[in-house]
Amino acid sequence: MSVNGTLIQLFHICPREMWLHTHGINMEHTSETVYDGKLLHETSYSQRPEKYTEITLSACFNNIPLTGKIDFYDAKQKIIHETKRSDKAEVAHEWQAKFYIWLLLLNDIPDVQAILEYPKLRTSTTVQLTSYDIQHLTNTITTIQHLQQSDKCPDKIKSKICKSCSYYELCYIEE
Amino acid sequence: MKKSYYLFNPGRISRRDNSLKFTPVDDLGTEGAPRYIPVESVDNLYTFGSLDANSALYNFLGKEQISVHFFDHYEHYTGSFMPKDFLLSGKVIIAQTEHYSNSSKRLSIASKFIEGAAFNILKNLRYYNNRDKDTSVQIDTISQMAPQISSAKSIEELMGVEGQIRLTYYQAFDLIINDFEMGTRTKQPPSNEINALISFLNMMCYTLCLDMIHHTQLNPTISFLHQPGYRRYSLALDLSEIFKPILVDRLIFSLLNKRQIQTQDFDHQLNSCLLKENGRKKVVKAWDDKLNETIKHRSLGRNVTYKHLIKLECYKLVKHILNIEEYKPFKAWW
Ligand code: SF4
């Protein structure tokens, strides 16, 4: 099993969510959020494709296969653009972006930056990769790999974000 | 919000862009005015009259995740068209199979289903006992039988207890329901109004459970209480045990006692009794309304529909078989 950008992001939101996702326990996509996300993608940056390319990357680190798909990469300026709906999981988005920068680095493309854009909020954040971050990512991918192989589902995080998580009902239904 | 559509008349259904086009056709082959149903609004279809459709339509329904349930002229459920599984998880299937093939794990889940059913049955009996219907004999008998559920050593024994509980429960129907007699439970064909309603609504409950299972990772053919293969989707039978008292039986009591359904809504033959078309429409309407009623859920703190309770039950089962949390059957708290 490989580790990808989605798992990095999910892991930073909630390890349980990542575990459920990785074991194929997905919720129906009936909610508007999916549709909304698609729409955002289609409408906000329709002028983009000429300038940016979509790239798929892979690498192997400590015997752990890594993969990632970057939708908007500006090769000239060395900038990754990521579009997000809300900044609720901003930290998780940042780690995902750092993971992509790292993947590029592992493919001998140094000095890349990422810009996280929140069109709905009209804000953006710039992300860079430090050596400390690389250490964190190294630990993270090891933990993710353990979780992928583990039969034990991590505990609920009992956080405010649970209410808007697609697993809310699965996690919190009791009797 | 998506909803169920019930097609009572015979006719032809086809695809028209992103809508379903239903053209009623009467016995003489005369076409009526077509109806268009936008596909995004369709959860599933129930067909009671004969339906003409081609494979292009079923391909379309399959892609849109719409199931179709069929009933014959005698109100028997005859089968379903189910879209290809769309939420598969190898992990869940393997775990579900494991819980089926390990006899103690299987028995433990099966007994939870009966435990939930018995609790909900007692809830109904107590409700009426508090309202001038003396069901105390049945309450006592069933309460005494309840400990046998957890001590049962085999599925057969468990089924035996279940049968006894149900028999006792049905004896109370004549006490609860005012102007009708049920006598003994007869299925094929039902011999009187109450039996006809039970048979019909039990099938509706079964198909509802089947639909709900289909929206989760559970495999509907692997069951715990009923023998898999007894009916193709036997897990739906397992789940409906828990919900029949709350959804089906309560509805029957109120339909008859409030005289929303009366003798003239049935077609009485020599030894059978079935709903007439008009009666069936009334029952289906009341069923659908019931499913869309909401209650505030205790552990979720949200309003959920009765229908949704079944999907939540599936989530609990998923957690149980993945060893996340032990399964506790649904027990009506209101
Ligand atoms: S509901 Fe909460 S605990 Fe459950 S997966 Fe989502 S974030 Fe994690």
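Model, not experiment: these values are computed from the prediction. Chain letters run A, B, ... following the sequence lines, proteins first and then strands; every chain starts at 1.
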Under 4.5 Å from any heavy atom of chain B - which part of A:Asp155: neither
Is the closest side-chain heavy-atom distance between [X] and [Y] below 4.5 Å?
X        : Y        : value
B:Leu322 : A:His23  : no
B:Leu312 : A:Leu170 : no
A:Glu169 : B:His297 : no
B:Arg302 : A:Tyr172 : no
B:Lys328 : A:Ile173 : no
A:Ile25  : B:Val92  : yes

Name all residues meeting the side-chain hydrogen bond (donor to acceptor under 3.5 Å, both in side chains) criterion together with B:Arg166; count only those two or more places apart in sequence or in a different chain, and write none if there are none. B:Glu162, B:Tyr170
Return the set of residues passing side-chain hydrogen bond (donor to acceptor under 3.5 Å, both in side chains) with B:Ser89 (not counting sequence neighbours), or none when no residue passes. none
Distance check, rounded to the nearest 0.5 Å: A:Cys153 atom SG versus B:Asn323 atom CG?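 Those atoms lie 10.5 Å apart.
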Using the rule given for side-chain contact (heavy atoms from CB on, under 4.5 Å), can you reason through A:Thr22 versus B:Lys91, listing the C-alpha separation, both sets of side-chain angles and the distance that settles it, and then say yes or no? CA-CA 10 Å; A:Thr22 216; B:Lys91 185 98 185 159; over 6 Å; no
With side-chain contact (heavy atoms from CB on, under 4.5 Å) as the criterion, how do B:Arg298 and A:Glu175 come out once you've worked through the C-alpha distance, each side chain's angles and the decisive distance to 0.1 Å? CA-CA 8 Å; B:Arg298 285 189 300 186; A:Glu175 199 167 335; 4.3 Å; yes
Would you name the heavy atoms of A:Cys171 and B:Lys319 that are closest together and state the gap between them? O-NZ, 3.1 Å
Give a yes or no on whether B:Glu293 atom CD has more than 12 heavy-atom contacts from other residues, nucleotides or ligands under 6.0 Å away.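 Counting neighbours around CD of B:Glu293, more than 12 heavy atoms of other residues, nucleotides or ligands fall under 6.0 Å, so yes.
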Determine, for B:Glu325 against A:Lys156, whether the closest basic-nitrogen to carboxylate-oxygen distance falls under 4.0 angstrom.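 Result for this pair is yes, salt bridge flagged.
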